[in-house]
Protein chains: 2
Amino acid sequence: MIDIDPVDLKILKLLKKDGMMTNRQIAVELNLTTTPIHERIKRLRRDGFIEKYTIELNRKKLNKNLIVFCNVSLKEHAQQFLTQFEKDVQTVPEVVECYCVSGGSDFLLKVIVSDMEEYKDFILNKLAAISNIGSAQSHFVITEAKHSSIIGE
Amino acid sequence: MIDIDPVDLKILKLLKKDGMMTNRQIAVELNLTTTPIHERIKRLRRDGFIEKYTIELNRKKLNKNLIVFCNVSLKEHAQQFLTQFEKDVQTVPEVVECYCVSGGSDFLLKVIVSDMEEYKDFILNKLAAISNIGSAQSHFVITEAKHSSIIGE
DNA sequence: GTTTAAAAAGAATAATATTCTATGATTGAT
DNA sequence: ATCAATCATAGAATATTATTCTTTTTAAAC
């Protein structure tokens, strides 16, 4: 696994900010021509540094205005139960992220819904439907104060 | 604020999966021609449903293999202290996300670093340097079991 | 100083986006 | 029921951009 150089890092930062930047725009920004930019991006994609191109959606416009972090503990902790929970959680669209964590609980879920009523439905009909749930503690997001990337802002 | 129709939603899902899909590819997928696809995407961008085009990076390749959720409580809770903390946290690159939450603590931070040593440095030299910190409790991510979008998988 | 390899430049071609105009369908009013 | 108006889509022409190939420059090693 070879490392990336400062030029690669600058390209990644620019594409993170705007994935539609043309090779020419990037080239101007970095005082290069389009060819090396094109070759570098090709390599960064081939080697997996860039996993994919995607879009960022506006939660509010799509009527998903409530974020809740939910700490879940299981009753049984044998491996089969842990992996079963991870499997079950895949099928619940409200659960956007799921982490197996150390500390107070077994899993941390990031849940995104439209409002409190939909969250109630999630807890009562989706989460409770999963077997082996011991306890669940909800932390409602009041403000999303920061949302950045692993490479700078 | 007008609503989006099922065709718009399908376009958003396709672009979420692959932001580099050409209008023609999307058109073939949805049994349309390139023009309506182009017009719809232009509208979805203009109206803010699509916030931006971007790339997804590979954490491990970039040597960011440790995710930690950190519950932070402040000593003082007057508004000025809350907003000051939110401001301070912006300058710390290791903090990728920051939420003001209800429940046990004031803030939930998502921290991404290369390893435990870098996390130690974050706690001792970055977080502790911020004023008004009452307590901080770390939850280390063992497994990232799910990572999806607000529109389906 | 010469050789070698890597990176970048330049130019030509292929693919795509973008715009303009035209057609068909739907809606609302008379 | 008919007409006008609006909207979504289609088709075609143009402008951008990506991509590839070849050449030139740069840097390092001997």
Side-chain angles (χ1 to χ4, degrees), chain A residues 1-64 114 149-153, chain B residues 1-64 114 149-153:
Chain A
M1 180 170 125
I2 14 156
D3 224 33
I4 56 173
D5 66 18
V7 176
D8 289 334
L9 197 59
K10 283 178 192 168
I11 291 174
L12 293 179
K13 282 187 183 179
L14 289 172
L15 286 177
K16 188 78 200 183
K17 266 203 298 192
D18 178 7
M20 290 269 279
M21 276 186 88
T22 65
N23 288 345
R24 189 184 309 189
Q25 289 173 312
I26 297 172
V28 167
E29 199 81 18
L30 304 183
N31 286 313
L32 289 170
T33 56
T34 59
T35 315
I37 302 297
H38 180 256
E39 298 295 338
R40 280 169 182 270
I41 292 176
K42 196 164 67 177
R43 175 171 48 74
L44 288 167
R45 295 180 67 182
R46 176 173 47 76
D47 294 351
F49 290 94
I50 297 175
E51 291 205 325
K52 68 174 184 178
Y53 284 70
T54 184
I55 54 173
E56 271 183 27
L57 299 166
N58 186 310
R59 279 207 327 277
K60 296 169 189 170
K61 291 264 180 186
L62 291 168
N63 202 28
K64 300 286 178 187
S114 63
S149 154
I150 52 175
I151 47 170
E153 311 309 286
Chain B
M1 180 169 126
I2 16 156
D3 224 33
I4 55 172
D5 67 16
V7 176
D8 289 333
L9 197 60
K10 282 178 192 165
I11 292 174
L12 292 180
K13 282 187 185 179
L14 288 173
L15 285 178
K16 187 78 198 183
K17 266 202 299 192
D18 179 7
M20 288 269 281
M21 274 187 87
T22 66
N23 289 345
R24 186 183 308 188
Q25 289 174 313
I26 297 172
V28 168
E29 199 82 16
L30 304 183
N31 286 314
L32 290 170
T33 56
T34 59
T35 315
I37 301 298
H38 179 254
E39 298 293 339
R40 281 169 181 272
I41 292 176
K42 195 163 65 176
R43 176 172 48 74
L44 289 167
R45 294 181 69 179
R46 177 171 48 76
D47 295 350
F49 290 93
I50 296 174
E51 292 204 326
K52 67 174 188 179
Y53 285 70
T54 185
I55 54 173
E56 271 184 27
L57 298 167
N58 186 310
R59 278 208 329 278
K60 294 169 191 170
K61 290 263 180 186
L62 291 166
N63 201 28
K64 300 287 178 185
S114 64
S149 154
I150 52 176
I151 47 170
E153 312 309 288

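Chain identifiers are assigned alphabetically (A, B, ...) following the order of the sequence lines, protein sequences preceding nucleic acid strands; residue numbering begins at 1 within each chain. All figures in this text were calculated on a predicted structure; none of them were measured in a lab.
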Protein-nucleotides 22-26 of chain C N/O pairs under 3.5 Å:
none

Whole angstrom is fine here: how far is it from CD in E39(A) over to P in dA7(C)?
10 Å

If we ignore hydrogens and angles and just use 3.5 Å, is the side chain of R59(A) paired with the main-chain N or O of K64(A) as donor and acceptor?
yes

K52(A) atom NZ, over 12 foreign heavy atoms within 6.0 Å:
yes

Is the backbone of I151(A) close enough, under 3.5 Å, to the side chain of K13(A) for a donor and an acceptor to pair up by distance?
no

Rounded distance (Å) that lies between atom C1' of dA6(C) and atom CG of D5(A)
12 Å

Any residue in residues 25-38 of chain A with a heavy atom nearer than 4.0 angstrom to DNA chain D? Just list them by number, or reply none.
T35(A), H38(A)

For the backbone of M20(A) and the side chain of D18(A), can you confirm whether one donor and one acceptor N or O come within less than 3.5 Å of each other?
yes

Quick one: does K16(B)'s side chain have a donor or acceptor within less than 3.5 Å of a partner on S149(B)'s backbone?
no

So which of I26(A), V28(A), T22(A), N23(A) actually passes side-chain contact (heavy atoms from CB on, under 4.5 Å) with T34(A)?
N23(A)

State the CZ-CG distance between F49(A) and L9(A), to the nearest 0.5 angstrom.
10.5 Å

For R40(A) and dA9(C), what is the distance between atoms CZ and P respectively, to the nearest whole Å?
10 Å

Do the side chain of N58(A) and the main chain of K60(A) share a donor and acceptor less than 3.5 angstrom apart?
yes

Of all heavy-atom pairs between L32(A) and V7(A), which one has the smallest distance, and what is that distance?
CD1-CG1, 4.1 Å

Using five base pairs at each end to define the local axes, how bent is the helix from dG1(C)-dC30(D) to dT30(C)-dA1(D), to the nearest 10°?
30°

Would you grab the first and last nucleotide of DNA chain D (5' to 3') that comes under 4.0 Å of any non-hydrogen atom in chain A?
dT17(D) to dC21(D)

Who passes salt bridge (Lys or Arg N to Asp or Glu O under 4.0 Å) against E51(A), sequence neighbours left out?
none

With distance as the sole test, does T54(B) use its side chain to make a donor-acceptor pair with the main-chain N or O of I55(A) at under 3.5 Å?
no

Just jot down the salt bridge (Lys or Arg N to Asp or Glu O under 4.0 Å) partners of E29(B), sequence neighbours excluded, or say none.
none

Distance check, rounded to the nearest 0.5 Å: L12(B) atom CG versus I4(B) atom CD1?
5.5 Å

May I have the distance from R24(B) (atom CZ) to dA14(C) (atom P), rounded to whole angstrom?
15 Å

